[in-house]
Amino acid sequence: MAHQAHSYHMVDPSPWPIFGAAAALLTTSGLTMWFHYNTPYLLIMGLISTALVMLQWWRDIVRESTFQGHHTPTVQKGLRYGMVLFITSEAFFFLGFFWAFFHSSLAPTPELGGQWPPVGITPLNPMDVPLLNTAILLASGVTVTWAHHSIMEANRKQAIQALALTVLLGFYFTALQAMEYYEAPFSIADGVYGSTFFVATGFHGLHVIIGSTFLLVCLLRLIKYHFTPKHHFGFEAAAWYWHFVDVVWLFLYMTIYWWGS
Amino acid sequence: MAALGRLSRLLLGTAAPRSPPARGMAAAAHEGGGARMWKTLTFVVALPGVAVCMLNSYLKAQHREHERPEFVPYTHLRIRTKRFPWGDGNKTLFHNPHVNPLPTGYED
């Protein structure tokens with residue numbers, strides 16, 4: 001069998017890209033069916049197929065890298081570019097929602113009572129649970145860095161401890177936010193205040209869940225000896241994503257929670 | 001612009017095996033002490049900070065007597081342009097009957 005005369009990874013044919021596209025189509029059209037025709041079945045099929053594609057595609061990447069050794073430094077460099085570009089695109093995604101918030105809050109219309117927060121809205125106290133949530137995410141940034149250094153220093157026990165702590169902090173944040181959502185005296189239907197608040201913090205919360213899941217997968221892989229002190233890009237990507245989630249929260253906290261109250 | 005180049009080199013350069021001393025605050029201060037410093041920061045700064053904020057929230061919750069604002073049927077709030085795709089279509093996803101009034105007022 002011939003060896004490749006280059007350091008790139010020519011991936012074997014895979015069904016996941018086209019299945020992923022099909023899953024995305026099922027999900028989007030399913031959402032339309034649910035909203036406008038009151039049937040959730042297409043959406044459920046879409047969400048399940050999306051989850052299955054993600055599980056199997058990423059499982060295959062772990063097989064190609066950890067078990068088959070295809071991730072040369074060149075390949076890793078490409079993955080780094082990819083993750084950086086993806087996170088950049090996510091930053092622009094959130095930028096849009098911050099734009100919407102400032103559009104409505106800097107010049108509140110007469111319909112809102114000419115003030116921000118609008119008449120009739122009692123905003124959450126930024127010095128209460130939101131402050132705790134800030135401390136939690138900042139702490140998780142410290143623990144994930146501890147985990148990273150532990151991995152680089154081949155300290156398995158500490159790496160597992162630190163990464164587990166990071167995941168727990170992530171779950172704690174999500175639990176507190178869910179409680180805040182339930183206890184809030186205003187809802188998403190409360191005009192532009194509710195819309196900007198819940199869409200921005202809601203997408204952030206979704207990213208916290210995604211980031212926590214990514215970190216959890218890394219924890220499981222760490223326990224199963226997938227990472228080496230010099231090669232652990234999956235973990236680095238998860239850590240970058242997690243720091244991004246933390247930074248978005250800091251902006252949310254300073255603008256919507258604090259300035260916006 | 002130059003900063004962008006430096007940032008991308010920092011993020012991408014770690015693909016190749018590093019030779020000591022590496023970039024980064026930990027290695028500069030003391031060899032191999034990186035993890036220890038972040039562990040110390042975790043247990044001395046980060047987690048106590050979380051604990052203090054937890055205490056703060058707990059104390060705030062204690063002396064809060066659950067004042068519920070009076071219901072005023074403002075037209076710019078509790079908007080119902082389209083029914084929600086769940087339940088009776090009139091309640092938001094995280095509806096809390098005690099603190100969230102419907103367009104017609106509190107349920108209880």
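Letters go in sequence order (proteins before strands), and every chain restarts at 1.
Contacts between B/His98 and chain A at a heavy-atom distance below 4.5 Å are absent for every atom of the residue. Proximity to chain A (any heavy atom under 4.5 Å) is shown, for B/Val72, by neither the backbone nor the side chain. Both the backbone and the side chain of A/Leu112 come within contact range of chain B, judged by heavy atoms closer than 4.5 Å. Residue contact with chain B, scored on non-hydrogen atoms closer than 4.5 Å, involves the backbone and the side chain of A/Val119 alike. Residue A/Asn155 does not touch chain B at all, counting heavy-atom pairs closer than 4.5 Å. At a 4.5 Å heavy-atom cutoff, A/Asn133 makes no contact with chain B through either its backbone or its side chain. A/Ser150 touches chain B through backbone and side chain together, each having a heavy atom under 4.5 Å away. Neither the backbone nor the side chain of B/Phe71 comes within less than 4.5 Å of any heavy atom in chain A. Proximity to chain A is absent for every atom of B/Arg68, based on heavy atoms less than 4.5 angstrom apart. Heavy atoms closer than 4.5 Å to chain B are found in the side chain of A/Leu165, but not in its backbone.
Using the six-membered ring where Trp is involved, B/Trp86 and B/Phe84 have ring planes that are parallel, under 30° apart on the 30 and 60° scheme. Using cut-offs of 30° and 60° on the angle between ring planes, the pair A/Tyr253 and A/Trp258 is tilted. In this structure, A/Trp116 and A/Tyr193 have tilted ring planes: the angle between them lies in the 30° to 60° band. Classification of the A/Phe235-A/His148 ring pair by plane angle, with boundaries at 30° and 60°, yields tilted.
Heavy-atom pairs under 4.5 Å with chain B peak, among A/Gly120, A/Pro40, A/Ala159, at A/Gly120. Contact count against chain A (heavy-atom pairs under 4.5 Å) is highest for B/Leu77 among B/Leu77, B/Thr40, B/Leu59. When each of B/Leu93, B/Leu41, B/Thr42 is scored by its heavy-atom pairs under 4.5 Å with chain A, the top score falls to B/Thr42. Considering only heavy-atom pairs separated by less than 4.5 Å from chain B, the leading option among A/Ala139, A/Gly141, A/Ala178, A/Ala189 is A/Ala189. The candidate with the highest count of non-hydrogen atom pairs below 4.5 Å against chain B, out of A/Phe198, A/Phe233, A/Tyr172, is A/Tyr172. The candidate with the highest count of non-hydrogen atom pairs below 4.5 Å against chain B, out of A/Ala162, A/Ala184, A/Pro118, is A/Ala184.
Residue A/Lys157 places its NZ atom among 12 or fewer non-hydrogen atoms of other residues, nucleotides or ligands, all under 6.0 Å distant.
A/Trp146 and B/Phe43 have their aromatic ring centers within a separation under 6.0 angstrom.
Evaluation of the side-chain hydrogen bond (donor to acceptor under 3.5 Å, both in side chains) rule for A/Tyr181 yields A/Thr201 as partners, not counting sequence neighbours. In this view, B/Lys39 satisfies the side-chain hydrogen bond (donor to acceptor under 3.5 Å, both in side chains) rule with no residue, not counting sequence neighbours.
Between B/Tyr58 and B/Gln62 the shortest side-chain heavy-atom distance falls below 4.5 Å.
Ion pairing of B/Arg36 with A/Glu153 is absent here, as no side-chain N (NZ or NE/NH1/NH2) approaches a carboxylate O to less than 4.0 Å.
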